Colleague: 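The following block contains the structure, expressed as structure tokens.
Please read all numbers here as calculations on a predicted model, not as lab measurements. Index from 1, following the sequence.
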Amino acid sequence: MTQTAIFGPTATNKTTLADGSMLLQAEQPLASFPEKLTEKLLYWAENKPDATFIARRNAHNEWQRLSYADTLSQVKAIAQHLLNLGFTGDDTLVILSENSLEHALLALAALHIGVPYTPISPPYSLVSKDFGKLRHCLELTTPKLVFAQNSLAYGPALTLAKQLFPNTLTLTADENGKKPFSDILHMQATDQVDTAFASINADTVAKILFTSGSTGLPKGVINTHRMWCSNLQQITQVFPFMASEPPVFVDWLPWNHTFGGNHNVGLTLYNGGTLYIDDGKPTPSGIETTVQNLREISPTAYFNVPKGFEMLIPYLENEPELRQKFFKKLTIFFYAGASLAQPVWNRLEELALETVGHKIPIITGLGCTEAGPSAMFANWAGSFSGLLGVPVAGMQVKLVPDGDKLEARYKAPNVTPGYWRNPDATALAFDEEGYYKTGDAVRFVDENNPDKGLVFDGRIAEDFKLSTGTWVNVGVLKAKIISAGSPIVQDAVITGLDQEYIGAILFLNPDACRKHAKLTPEVSTTEAFQHEAIQQYLDELLLRLSETATGSATRVTKVVVALDPPSIDLGEITDKGSLNQRAVLKHRVLLVESLYQI
């Protein structure tokens with residue numbers, strides 16, 4: 001396949017505005033797109049009815065497949081059931097559980113008749129001890145129907161839903177629930193289904209996707225049919241090979257996130273492809289499941305977070321047959337969620353060269369839940385880690401100066417109209433010209449040539465993602481460290497952007513250290529900080545913090561002591577005495593590196 005068949009054009013116009021902001025736009029216009037997403041399901045069910053749309057391994061470890069015709073038939077049956085329940089107005093449908101065939105069918109049925117649905121992060125139901133985020137999401141969506149794959153595992157969450165809304169109906173995929181999913185697959189669809197489908201327009205709410213809640217409780221991002229359909233057309237113009245050859249994906253990424261649910265499921269349906277649900281994950285146990293699937297299925301594009309690629313490499317190195325199967329039809333790698341480490345990037349290219357004789361392009365871009373998700377791509381061979389690329393067709397990217405950074409802001413048909421039942425958050429999210437304020441900082445590779453794209457330059461705010469794609473709430477974690485480490489720990493700067501774990505640079509209180517170590521006032525701060533008693537105190541602090549951590553986003557793995565106080569001249573500390581996280585990280589690179597040296 002030639003490069004021109006893989007990638008769309010990247011020519012980009014740059015305009016400098018009167019206020020110093022810059023506007024970037026693709027020269028390529030956005031082509032037409034469907035008014036509603038399940039138009040594509042109708043099309044493929046008619047034109048390739050027997051082709052596999054989606055598949056998942058069953059209890060016998062065999063692939064259970066749904067063709068496009070089967071999918072449409074079952075979607076219509078489920079849609080009739082939903083109509084019989086009397087869904088009207090702002091009634092919503094909530095899905096609590098993981099990726100599954102039932103999840104896909106129920107979501108498509110809701111889409112087909114204009115019922116807003118919400119896939120909620122499974123850990124909110126399975127891991128949380130207080131159900132705080134689950135309660136918030138349920139209270140915001142006020143569901144008429146709640147679905148969970150397993151009635152036992154999700155029993156407490158389903159009970160909470162009934163406690164909050166006694167009239168809410170529940171549905172499960174197993175036989176233990178009051179209403180098993182299999183019962184509704186035999187409904188006889190009537191003309192009501194077609195009438196409901198016909199009433200949907202581009203502004204109809206398709207789904208509500210919750211943000212990670214890294215800066216507070218999750219917000220419900222409204223996804224309209226226009227948003228989703230336009231973005232799938234934009235992505236297909238970036239990667240036209242998906243339209244010319246039906247894509248095949250082997251994918252684990254959760255559908256409650258925009259990457260897995262909008263991007264990957266959407267591209268499959270939009271382009272008549274096949275999605276194999278991967279029940280693995282980039283974890284020591286989950287990677288085995290992923291590899292088993294890849295031993296059988298050759299993807300045409302492979303999506304993952306950086307950690308997933310890293311964990312896959314040893315298997316590719318040690319299994320020649322897996323390598324051959326994996327690279328056989330592969331056109332691109334695509335990563336998101338965090339930056340891909342350059343050594344991982346290099347090894348993927350080396351393995352491709354050894355196996356198929358050429359490099360497989362490694363692609364990423366920039367986007368967010370509010371952009372449905374994609375705003376820009378680096379869709380060309382020879383890119384590098386951190387390169388974000390250029391805007392998709394139909395997207396206006398405004399670059400607004402913010403201190404020494406440029407914030408990327410979006411206006412396009414794929415941008416959300418706002419947050420579900422949260423007008424205050426909606427008002428704050430957009431500037432006076434209607435651009436969505438991402439908080440992402442970017443910079444040009446070459447200011448004189450916008451076609452070379454933009455590079456990620458951190459967040460305007462301090463929060464960041466680990467290499468797993470997990471958000472770290474810097475403010476909350478910093479307060480926790482200072483509280484637990486008082487009076488020894490005076491302040492802290494959190495590290496871990498694109499790393500596997502969280503670290504911290506600690507600024508200590510010299511007097512408190514001398515007192516704890518029983519040292520005289522004459523002892524230098526450096527000696528006091530390095531005293532055995534202080535080192536022991538910090539070791540114990542890490543243990544205490546670990547005991548209260550709930551996951552990688554709240555677990556501090558390593559700390560290092562800053563021997564020099566923060567410099568006001570370097571902007572590390574303000575005149576009010578607060579630390580500038582960005583400046584400390586910028587000027588203390590060696591300390592940061594020491595936290596991640598093996």
Colleague: How long is the gap from OG on Ser374 to NE2 on His263, to the nearest 0.5 Å?
Modeller: 4.0 Å
Colleague: Could you note down all residue pairs passing salt bridge (charged side-chain N to carboxylate O under 4.0 Å, His left out) where residues 345-367 supplies at least one of them, sequence neighbours left out?
Modeller: Glu317-Arg347, Arg347-Glu350, Arg347-Glu354, Glu349-Lys359
Colleague: Check the side chains of Tyr596 and Glu500 for a donor-acceptor pair under 3.5 angstrom, ignoring hydrogens and angles.
Modeller: no
Colleague: Pairs in or reaching into residues 36-49: which pass side-chain hydrogen bond (donor to acceptor under 3.5 Å, both in side chains), with residues at least two apart or in two chains?
Modeller: Thr38-His112
Colleague: Is Leu17 close to Lys398 at the side-chain level, that is, under 4.5 Å between some pair of heavy atoms?
Modeller: yes
Colleague: Would you check if the distance from the ring center of Phe181 to the ring center of Phe147 is below 6.0 Å?
Modeller: yes
Colleague: Of all heavy-atom pairs between Tyr270 and Pro34, which one has the smallest distance, and what is that distance?
Modeller: OH-CD, 3.3 Å
Colleague: Contact between Cys368 and Pro373 at the side-chain level, heavy atoms closer than 4.5 Å - yes or no?
Modeller: no
Colleague: Hey, are Asn293 and Arg57 close enough side-chain-wise for a donor-acceptor pair under 3.5 Å?
Modeller: yes
Colleague: Cation-pi check, Lys207 to Tyr117: give yes when NZ or CZ is under 6.0 Å from the six-membered ring centre and within 45° of the ring axis, no otherwise.
Modeller: no
Colleague: Counting C-beta onward and ignoring hydrogens, is there a side-chain heavy-atom pair between Met376 and Leu24 closer than 4.5 Å?
Modeller: no
Colleague: Taking salt bridge (Lys or Arg N to Asp or Glu O under 4.0 Å) as the test, write out the residues that go with Arg295, two or more places apart.
Modeller: Glu319
Colleague: Glu288: which residues meet the salt bridge (Lys or Arg N to Asp or Glu O under 4.0 Å) condition with it, sequence neighbours left out?
Modeller: none
Colleague: Side chain to side chain contact (heavy atoms under 4.5 Å, CB included) with Thr426: which residues, sequence neighbours excluded?
Modeller: Tyr419, Phe430
Colleague: Output all residues satisfying side chain to side chain donor-acceptor pair (under 3.5 Å) with Trp252, sequence neighbours left out; order by chain, then residue number.
Modeller: Asn304
Colleague: In terms of ring plane angle, is the pair Phe303 and Phe334 parallel, tilted or perpendicular, where the classes change at 30° and 60°?
Modeller: perpendicular
Colleague: According to side chain to side chain contact (heavy atoms under 4.5 Å, CB included), who are the partners of Ala11, at least two apart in sequence or on a separate chain?
Modeller: Glu27, Asp451
Colleague: Asp50: which residues meet the salt bridge (Lys or Arg N to Asp or Glu O under 4.0 Å) condition with it, sequence neighbours left out?
Modeller: none
Colleague: For the residue pair Asn223 and Asn262, confirm or rule out a side-chain donor-acceptor distance under 3.5 Å.
Modeller: yes
Colleague: Kindly state each residue pair satisfying ring pair (Phe, Tyr, Trp, His ring centres under 6.0 Å) with at least one member in residues 353-372, sequence neighbours excluded.
Modeller: none
Colleague: Checking Ser199 side chain against Ala196 main chain: does a donor-acceptor pair fall under 3.5 Å?
Modeller: yes
Colleague: As a quick check of understanding, evaluate side chain to side chain donor-acceptor pair (under 3.5 Å) for Glu370 and Tyr410, giving each step before the final call.
Modeller: CA-CA 9 Å; Glu370 289 85 350; Tyr410 306 150; over 6 Å; no
Colleague: Nearest heavy-atom pair of Val442 and Leu399: which atoms, and what distance?
Modeller: CG2-CD2, 3.6 Å
Colleague: Using a strict 4.0 Å threshold on nitrogen-to-oxygen distance, state whether Arg409 and Glu433 make a salt bridge.
Modeller: no
Colleague: Nearest 0.5 Å, please: how far is CG in Leu454 from CD in Glu447?
Modeller: 10.5 Å
Colleague: Other residues, nucleotides and ligands only: do more than 12 of their heavy atoms fall within 6.0 Å of NZ on Lys329?
Modeller: no
Colleague: With rounding to the nearest 0.5 Å, note down the distance linking CG in Asn379 to CD1 in Ile235.
Modeller: 11.5 Å
Colleague: State which residues pass salt bridge (Lys or Arg N to Asp or Glu O under 4.0 Å) with Asp440; sequence neighbours excluded, sorted by chain then number.
Modeller: Arg459
Colleague: Just wondering, do Ser97 and Asn150 contact through their side chains at under 4.5 Å, heavy atoms?
Modeller: no
Colleague: Name all residues meeting the side chain to side chain contact (heavy atoms under 4.5 Å, CB included) criterion together with Lys328; count only those two or more places apart in sequence or in a different chain, and write none if there are none.
Modeller: Ser298
Colleague: Out of Phe333, Phe326, Tyr315, which residue meets the ring pair (Phe, Tyr, Trp, His ring centres under 6.0 Å) rule with Phe309?
Modeller: Phe333
Colleague: Who pairs with Val248 by side chain to side chain contact (heavy atoms under 4.5 Å, CB included), at least two apart in sequence or on another chain?
Modeller: Tyr276, Ile297, Thr300
Colleague: I'd like to know if Glu98 pairs up with Lys281 as an ion pair, taking the criterion as any Lys NZ or Arg NE/NH1/NH2 lying under 4.0 Å from an Asp or Glu carboxylate oxygen.
Modeller: no
Colleague: Provide the closest heavy-atom pair for Leu37 versus His225 in the form atom of the first, atom of the second, distance.
Modeller: N-ND1, 3.2 Å
